[in-house]
Undergrad: 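I'd like to ask some things about the structure below.
Every heavy atom of this structure was used, including side-chain atoms; hydrogens, water molecules and symmetry mates were not.
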Amino acid sequence: MMERMWNHILDRFGHAVTLRGGEEAVSLRALVQPVLDRGREQKVPSPLGLGRQDRFRYMGPAGYPLDLDTIVEWNGREYRVQVAHLVGEGVCPHWLAVLYPREEAAP
C-alpha cells in the first residue's frame, strides 16, 4: 500500500526526468530538490577559479536503479550521481541519491 502511495506522490508532485545509462534512456517522474547546506559555500575556489558546488536530492521509483555512471537529465540540465541507495525496502522502496551538475562536454 505504501508503495502505491509513493507512486501516487511521484505522479502528482514529481518532475519529468530522464535517466541515461550507456545507450539506454528512460523517462520517469521523480522528486528533485536542491540540498541546502548551511555553512557551506555555494562557490569554492579551485585551481581553475571558483567552482560551483550545487547538489540536489533525488527520490525516484524503486524499479529504476541509479549508479555512479547514470546521467540524470532534469529541467534542461544534466547531472551526475554522487551517491545513490535503494532505501525503504519492505515498506516504501525508492531510490535516494545526491546529484551534482555535469560540467564536462556531453559525448
Undergrad: Do Leu86 and Leu31 belong together in a cluster built from hydrophobic side chains that touch within less than 4.5 Å?
TA: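 Not linked; separate clusters.
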
Undergrad: Is there a continuous path of hydrophobic side-chain contacts, each under 4.5 Å between heavy atoms, that joins Leu10 to Val87?
TA: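 As far as the 4.5 Å side-chain criterion goes, Val87 and Leu10 are connected within one cluster.
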
Undergrad: Looking only at heavy atoms, which two atoms of Trp74 and Ala16 are closest? And how far apart?
TA: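 That would be CD1-O, 3.8 Å.
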
Undergrad: Assigning hydrophobic clusters by single linkage (Ile, Leu, Val, Met, Phe, Trp, Tyr; side-chain heavy-atom cutoff under 4.5 Å), is Leu66 placed with Leu28?
TA: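 Yes, Leu66 connects to Leu28 through the hydrophobic network.
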
Undergrad: Under the side chain to side chain contact (heavy atoms under 4.5 Å, CB included) test against Arg80, which residue among Ile71, Val72, Val98 passes?
TA: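 When Ile71, Val72, Val98 are each tested with Arg80, the side chain to side chain contact (heavy atoms under 4.5 Å, CB included) holds only for Ile71.
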
Undergrad: Using a 3.5 Å distance criterion without hydrogens, assess whether the side chain of His94 forms a donor-acceptor pair with backbone atoms of Cys92.
TA: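 Side chain of His94 to backbone of Cys92: a pair is present.
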
Undergrad: Looking only at heavy atoms, what is the nearest atom pair of Pro93 and Ala62, with distance?
TA: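 Looking at all heavy atoms of both residues, the shortest contact is O-CB, 3.5 Å.
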
Undergrad: Do Leu96 and Phe13 belong to the same hydrophobic cluster, where Ile, Leu, Val, Met, Phe, Trp and Tyr are linked whenever their side-chain heavy atoms lie under 4.5 Å apart, directly or via other members?
TA: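 Yes; tracing contacts between hydrophobic side chains, which count when under 4.5 Å, links both residues.
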
Undergrad: For a ring pair (Phe, Tyr, Trp, His ring centres under 6.0 Å) with Tyr79, tell me which candidate from Phe56, Tyr100, Tyr58 qualifies.
TA: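 That would be Phe56; it is the only one of Phe56, Tyr100, Tyr58 passing the ring pair (Phe, Tyr, Trp, His ring centres under 6.0 Å) with Tyr79.
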
Undergrad: Side chain to side chain contact (heavy atoms under 4.5 Å, CB included) for Gln33 and Met59? Distances and angles first, verdict last.
TA: CA-CA 9 Å; Gln33 56 190 194; Met59 293 175 281; 4.0 Å; yes

Undergrad: What pair of heavy atoms forms the shortest contact from Ala30 to Gly60, and how long is it?
TA: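 So the two residues come closest at CB-CA, 3.9 Å.
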
Undergrad: Atom CG of Asn7 and atom CZ of Arg29: how far apart are they, to the nearest 0.5 Å?
TA: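 It is 12.5 Å, given to the nearest 0.5 Å.
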
Undergrad: Which is it for Val81 and Leu99 under the side chain to side chain contact (heavy atoms under 4.5 Å, CB included) test, yes or no, and what are the steps along the way?
TA: CA-CA 5 Å; Val81 176; Leu99 310 175; 3.9 Å; yes

